[in-house]
Amino acid sequence: MRVKIHHEGTGLLVIIAAILLVINAPLWVWVRPIVWAIVSTAVSGVLFLLALNFFRSPRRIFQGDRKNVVVSSADGTVVALEEVYEPEYLKCRCIQLSVFMSILNVHANWFPVDGEVEYIKHHHGRFMAAYLPKSSTENERSTVVIRTSAGQQVLMRQIAGAMARRIVTYARPGEEANIEDHMGFIKFGSRIDLFLPLGTTINVKIGDKTTGGITVVGRLNPQNNA
């Protein structure tokens, strides 16, 4: 599995590296004892590695039967799994499956199903902790709806968290959705909500760890088309 740095982070990583260089270089030249320069450089190195880790952009190839499959859109932990009413677009009862991404997780987001992008809308909002239930409707967020070849609609919502200040959505209406492609990116701690049709077979439970583009979180049942 080849890993590269996401283009959303390249500019920021250069800025961070430059700032850390400006901070640490004078310490090695002017400050004594030298232990202060060593400690500062070590701390700076750890901070830069954390930033580098955050902006990983792995290319993932799904292995297995793709028919009716629903994959996790993000790396993280399942924090919600319940039947709810989705009021924004689907306007029906669905299964909500939410994955919380910590600052240590990859923050690229994958399409959860194959199909066609049908709807996109960005909502301005608050920046509460992403694991809170209200974050799904009150935080800064973007909604994407994909219609599968069988005619079922899956709604995916990118939600900003307490530290996230930018949601990037690459998908556009009418474009093809592919579970191996990045749908977007969220900078720093955040959450992804999936709203799946009732009757979908769920393969995970609360507390399970997921890998975006790889973990099968459910299977759609086309017989449940409205």
Side-chain angles (χ1 to χ4, degrees), residues 3-13 16 47 49-60 70-82 84 86 88-89 94-113 117 119-146 154-171 177 179 181-196 204 206-215 217-218:
V3 178
K4 63 179 183 178
I5 300 303
H6 201 282
H7 64 83
E8 295 291 342
T10 51
L12 181 58
L13 288 171
I16 292 173
L47 292 175
L49 287 175
L50 286 173
L52 199 65
N53 178 73
F54 176 86
F55 285 108
R56 286 172 295 154
S57 180
R59 173 64 176 166
R60 292 171 178 167
V70 182
V71 300
S72 177
S73 290
D75 291 9
T77 305
V78 178
V79 294
L81 184 57
E82 59 184 329
V84 299
E86 199 295 301
E88 178 183 347
Y89 186 83
C94 308
I95 299 172
Q96 179 183 338
L97 192 160
S98 302
V99 174
F100 175 73
M101 294 171 278
S102 77
I103 197 170
L104 297 178
N105 289 127
V106 170
H107 272 56
N109 306 142
W110 283 259
F111 286 104
V113 293
V117 179
Y119 168 86
I120 294 175
K121 186 169 183 179
H122 181 81
H123 303 267
H124 296 287
R126 302 169 64 185
F127 295 98
M128 298 185 294
Y131 58 80
L132 295 174
K134 287 186 177 180
S135 68
S136 183
T137 55
E138 296 186 17
N139 275 23
E140 188 93 2
R141 61 200 183 277
S142 285
T143 299
V144 177
V145 177
I146 303 109
V154 172
L155 187 149
M156 171 184 175
R157 184 168 291 141
Q158 297 171 286
I159 303 170
M163 296 181 64
R165 287 297 184 269
R166 188 183 180 203
I167 295 174
V168 184
T169 305
Y170 306 134
I179 58 176
D181 292 340
H182 288 171
M183 190 284 300
F185 194 94
I186 310 178
K187 293 189 176 180
F188 304 106
S190 42
R191 163 176 164 166
I192 293 289
D193 286 352
L194 296 181
F195 292 85
L196 308 171
V204 293
I206 291 178
D208 283 357
K209 304 294 182 181
T210 64
T211 301
I214 298 294
T215 302
V217 297

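Quick caveat: nothing in here was measured; it's all calculated off a predicted structure.
Atom-to-atom distance recorded for Ser142:OG and Lys121:NZ is 11.0 Å, nearest 0.5 angstrom. In this structure, the separation between CD1 on Ile159 and CE on Met101 is 9.0 Å, given to the nearest 0.5 Å. With rounding to the nearest 0.5 angstrom, the CG atom of Leu97 is 12.0 Å from the CE atom of Met156. Atom CG of residue Leu104 and atom CG of residue Asp75 lie 11.5 Å apart, to the nearest 0.5 angstrom.
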- Verdict with reasoning, Ile95 to Leu81, per side chain to side chain contact (heavy atoms under 4.5 Å, CB included): CA-CA 7 Å; Ile95 299 172; Leu81 184 57; 4.0 Å; yes
- Task: Quick one: do Glu86 and Arg157 satisfy salt bridge (Lys or Arg N to Asp or Glu O under 4.0 Å)? Show the steps, please.
- Result: CA-CA 11 Å; Glu86 199 295 301; Arg157 184 168 291 141; 3.0 Å; yes
- Message: Assess the residue pair Leu194 and Ser73 against the criterion (side chain to side chain contact (heavy atoms under 4.5 Å, CB included)); give the C-alpha distance rounded to whole Å, side-chain angles, the decisive distance to 0.1 Å, and a yes or no.
- Response: CA-CA 8 Å; Leu194 296 181; Ser73 290; 3.7 Å; yes
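For the pair Glu88/Phe195, no side-chain contact is recorded, criterion being any heavy-atom separation below 4.5 Å from C-beta on. A 4.5 Å side-chain heavy-atom check between His107 and Ser190 finds at least one atom pair inside the cut-off. Side-chain contact between Val117 and Met183 is absent, with no heavy atoms from C-beta onward closer than 4.5 Å. Residues Val106 and Arg60 have side chains in contact (heavy-atom distance under 4.5 Å, counting atoms from C-beta outward). Looking only at side-chain heavy atoms (C-beta outward), Arg141 and Asp193 stay at 4.5 Å or farther from each other. Using a 4.5 Å cut-off on side-chain heavy atoms (C-beta onward), Ile192 and Gln158 make contact. For the pair Asp208/Val217, no side-chain contact is recorded, criterion being any heavy-atom separation below 4.5 Å from C-beta on.
Residues satisfying the side-chain contact (heavy atoms from CB on, under 4.5 Å) test with Val113, not counting sequence neighbours, are Val70, Ile146, Thr148, Val154, Leu220. Residues passing the side-chain hydrogen bond (donor to acceptor under 3.5 Å, both in side chains) test with Asp181: none are found, sequence neighbours excluded. Considering only residues two or more places apart in sequence or on other chains, Ser72 meets the side-chain hydrogen bond (donor to acceptor under 3.5 Å, both in side chains) condition with Thr210. Here Lys209 pairs with Thr77 under the side-chain contact (heavy atoms from CB on, under 4.5 Å) rule; sequence neighbours left out. Listed by chain and residue number, nothing satisfies the salt bridge (Lys or Arg N to Asp or Glu O under 4.0 Å) test with Glu82 (two or more places apart in sequence, or in another chain).
Smallest separation of non-hydrogen atoms from Glu140 and Ile167: O-CD1, 3.4 Å. Pairing each heavy atom of Ala74 with each of Val99, the nearest pair is O-CG1, 4.0 Å. Scanning all heavy atoms of the two residues, the minimum distance from Tyr89 to Val145 falls at CD2-CG2, 3.6 Å.
Relative orientation of the Trp110 and His182 rings is perpendicular, given thresholds of 30° and 60° on the angle between their planes.
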